[in-house]
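Quick caveat, the model's predicted, so the values are computed rather than measured.
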Amino acid sequence: MNTTMNQAMSQFYIDQETAINIQKFCSEELKTVRLARVIHKVMMNIFSKQTLARLDKTYVAKGFSASIQINQISNIAIREMLDREVVHAFDDALLSNAWKKVYSAGLCPTDTKTSH
């Protein structure tokens with residue numbers, strides 16, 4: 001019985017290397033999401049709704065590019081989240097992914113109950 005069960009369950013087991021890679025991905029994704037939340041909070045505190053809407057419009061019209069990342073906001077977010085300055089060798093990919101998440105979620109809050 002135990003052997004039959006082990007054979008049936010073996011298709012659900014993953015090797016250790018795959019498990020480690022999944023763990024690394026999850027850890028990086030979690031760090032990216034946390035940084036995106038900090039960036040979003042900072043943006044909401046600093047900029048007007050009109051400016052946020054303009055940034056959203058730029059993202060929708062042109063897509064994501066490094067030119068719509070705001071370095072000063074990145075610096076504040078890294079300092080707030082990691083308590084250090086930006087180290088480009090380590091942080092560029094993390095920042096780029098976080099900014100992509102921020103823009104894809106939208107910066108400007110909208111009231112969908114209001115009809116125009």
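- Residues V87 and D92 have side chains not in contact (no heavy-atom distance under 4.5 Å, counting atoms from C-beta outward).
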task: In sequence, state the C-alpha distance, the side-chain angles, and the governing distance for K101 and R37, and then conclude on side-chain contact (heavy atoms from CB on, under 4.5 Å).
output: CA-CA 9 Å; K101 287 193 182 306; R37 286 180 181 164; over 6 Å; no
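- F47 and V60 fall within a single hydrophobic cluster, where Ile, Leu, Val, Met, Phe, Trp and Tyr side chains are chained together by heavy-atom contacts under 4.5 Å.
- Partners of K100 under the salt bridge (Lys or Arg N to Asp or Glu O under 4.0 Å) rule, at least two apart in sequence or in another chain, do not exist in this structure.
- F64 is listed as a side-chain neighbour of S96, based on a closest heavy-atom distance under 4.5 Å.
- Without hydrogens or angle criteria, Y103 side chain to I68 main chain gives a donor-acceptor distance under 3.5 Å.
- With contacts defined as side-chain heavy-atom distances shorter than 4.5 Å, the pair R79/E85 qualifies.
- Using a 4.5 Å heavy-atom threshold, the side chains of N97 and E28 count as separate.
- Annotation: ring-ring contact (aromatic ring centres under 6.0 Å, His included) contacts involving residues 16-45, sequence neighbours excluded, are absent.
- Tracing side-chain contacts under 4.5 Å through hydrophobic residues (I, L, V, M, F, W, Y), one reaches I73 starting from M44; they form part of the same cluster.
- D56 places a side-chain N or O within 3.5 Å of a backbone atom of L107 that can act as its donor or acceptor partner.
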message: Between I14 and I22, is the side-chain contact (heavy atoms from CB on, under 4.5 Å) condition met? List the steps.
response: CA-CA 10 Å; I14 55 176; I22 290 169; 3.8 Å; yes
- prompt: Should E29 and R34 be marked as a salt bridge (charged side-chain N to carboxylate O under 4.0 Å, His left out) after you check the CA-CA gap, both sets of side-chain angles, and the distance that decides it?
  reply: CA-CA 9 Å; E29 188 68 13; R34 286 179 177 162; over 6 Å; no
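- Defined by atom type and a distance below 3.5 Å, a donor-acceptor pair is missing between the side-chain atoms of T18 and N21.
- Rounded to the nearest 0.5 Å, atoms CG (N71) and CD1 (I76) are 11.0 Å apart.
- Across A98 and A36, no two heavy atoms sit closer than the pair O-CB, 3.6 Å.
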query: After noting the C-alpha distance and the side-chain angles of K31 and D91, does the key distance pass the salt bridge (charged side-chain N to carboxylate O under 4.0 Å, His left out) rule?
result: CA-CA 11 Å; K31 194 184 302 184; D91 298 330; over 6 Å; no
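- Atom SG of C108 and atom CZ of R54 lie 11.0 Å apart (nearest 0.5 Å).
- The number of heavy atoms from other shown groups lying within 6.0 Å of CG (D83) does not exceed 12.
- Residues L35 and I46 are members of one and the same hydrophobic cluster, defined by side-chain heavy-atom contacts under 4.5 angstrom among Ile, Leu, Val, Met, Phe, Trp and Tyr.
- Here the CD1-CD distance, from I39 to E80, works out to 10.5 Å after rounding to the nearest 0.5 Å.
- Atom CG of L95 and atom CH2 of W99 lie 8.5 Å apart (nearest 0.5 Å).
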